[in-house]
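Order of listing sets the numbers, starting from 1, for every ligand and every atom in it.
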Amino acid sequence: MHGEADTSPSDKRTLWFVTQNAHKYQEARRVLDPFGIKIRMLDYPKTEIQRTSLGEIAKFAAEEASKKHNRTVVVEDSGLFVRALKGFPGPFSSYVHVTIGVEGLLRLMRRQRRREAYFQASLALASPRNSCVEFAGKVNGTISHKSAGTKGFGFDPIFIPKGARRTFAQGGTEFKDKYSHRAIAFRKLALWYIRTKPETNSQV
Ligand code: IMP
């Protein structure tokens, strides 16, 4: 795959994204590529502490993983916050997706006329020696009345970003990169990363 062959696993200048979600990884990669930042997937289960703050969850996991693997890592924690459900599922989005799923969430929303929601992503960049740096991204939108589209993952089939008429799952990659919470957060990370001279930052 493009970008994979030119870094060895021991290359400390490579940014390792600790995730088991290939969709998240590909999204991050598409955003970082134009900045010339190499990213690779560290397919390893991140530790998820029980917190309501996505930032705290990401930070804990990133600090732990950077020490364990002795390299610079980035961890992302994200969730869908639905206003009519008082922010549910929020930090529990992953669990809710595998249990009641998209259709279950639509059922909870059946009688709701207020359909505002947002996705949030928190990124934590950690290295064994330096303190953790955090970035966040948010996209406002609405929950659709029915599931639409087959692209993407998670709640993509029911989320319509503000200013658009399609769900993330109908729009596909370019559409997702234009609006997504993850793309916003990774662009912030990229701007910070290139400012801090990555050629010398084996510790970031
Ligand atoms: P976690 O960050 O691994 O805890 O997972 C967050 C969960 O939120 C995912 O499993 C999805 O269900 C949902 N989620 C987060 N970001 C997205 C997205 O970009 N599209 C669709 N669902 C998402």
Protein contact of atom 2 (O) of ligand 1 - nearest heavy atom, named by residue and atom, plus distance: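 For atom 2 (O) of ligand 1, the nearest protein heavy atom comes out as K24 NZ, 2.7 Å.
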Ligand-side contact atoms (ligand 1) for residue partner H97, heavy atom cut-off under 4.0 Å: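 Answer for ligand 1: 12 (O).
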Quiz item: cation-pi between R40 and F17, 6.0 Å / 45°: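 Geometry flag: not set, cation outside 6.0 Å or 45°.
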Atoms of ligand 1, numbered as shown, that sit under 4.0 Å from any heavy atom of G154: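 Heavy-atom distances to G154 below 4.0 Å select 12 (O), 21 (C), 22 (N).
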Closest candidate by heavy atom, reference atom 14 (N) of ligand 1, pool Y95, Y179, F119: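 Selected option, by shortest heavy-atom distance: F119.
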V139 and Y118: CA distance, side-chain angles, deciding distance, side-chain contact (heavy atoms from CB on, under 4.5 Å) verdict: CA-CA 5 Å; V139 54; Y118 65 88; over 6 Å; no
Min heavy-atom dist F168 to ligand 1 below 4.0 Å: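 No, that is not the case, since the closest heavy atom of the residue is not under 4.0 Å from the ligand.
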Check against side-chain contact (heavy atoms from CB on, under 4.5 Å), V82 and M109: CA-CA 9 Å; V82 182; M109 291 294 288; 3.6 Å; yes
Nearest non-hydrogen protein atom, atom 22 (N) of ligand 1: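 I find the closest protein heavy atom is F155 N, 3.0 Å.
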Among S78, P45, S122, closest by any non-hydrogen atom to atom 6 (C) of ligand 1: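 The option holding the nearest heavy atom is S78.
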D77: numbered ligand 1 atoms lying under 4.0 Å from its heavy atoms: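 Taking each heavy atom of D77 in turn, ligand 1 has 1 (P), 2 (O), 4 (O) under 4.0 Å.
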Atom 20 (N) of ligand 1: nearest protein contact (heavy atom, Å):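 Ranked first by proximity to atom 20 (N) of ligand 1 is D156 OD1, 2.6 Å.
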Atom 8 (O) of ligand 1 [closest protein heavy-atom partner, distance rounded to 0.1 Å]: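 Protein heavy atom with the smallest distance to atom 8 (O) of ligand 1: S93 CB, 3.2 Å.
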F159 ring center within less than 6.0 Å of F119 ring center: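 For F119 and F159, the ring centres are under 6.0 Å apart.
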NZ/NE/NH1/NH2 to OD/OE distance under 4.0 Å, D77 and K46: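 Between K46 and D77 there is a salt bridge, with a charged N closer than 4.0 Å to a carboxylate O.
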For atom 16 (N) of ligand 1, closest protein heavy-atom neighbour: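 Here the nearest protein heavy atom works out to R182 NH2, 2.8 Å.
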H23 to ligand 1, any heavy atom closer than 4.0 Å: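 The answer is no, since H23 has no heavy atom less than 4.0 Å from ligand 1.
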Shortest protein heavy-atom distance from atom 10 (O) of ligand 1, along with the residue and atom involved: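 For atom 10 (O) of ligand 1, the nearest protein heavy atom comes out as S94 CA, 3.5 Å.
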Nearest neighbour in protein (non-hydrogen) for atom 19 (O) of ligand 1: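 I find the closest protein heavy atom is K176 NZ, 2.7 Å.
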Non-hydrogen atoms of N70 and P128 that approach each other most closely: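 Nearest pair, atom of N70 first, then P128: OD1-CG, 3.4 Å.
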Test of ring centre spacing under 6.0 Å for F92 and F88: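 No, the ring centres sit 6.0 Å or more apart.
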Stepwise side-chain contact (heavy atoms from CB on, under 4.5 Å) check, H69 with Y44: CA-CA 10 Å; H69 300 284; Y44 176 82; 3.6 Å; yes
side-chain contact (heavy atoms from CB on, under 4.5 Å) between E134 and S122, intermediate numbers included: CA-CA 7 Å; E134 296 175 64; S122 289; 5.9 Å; no
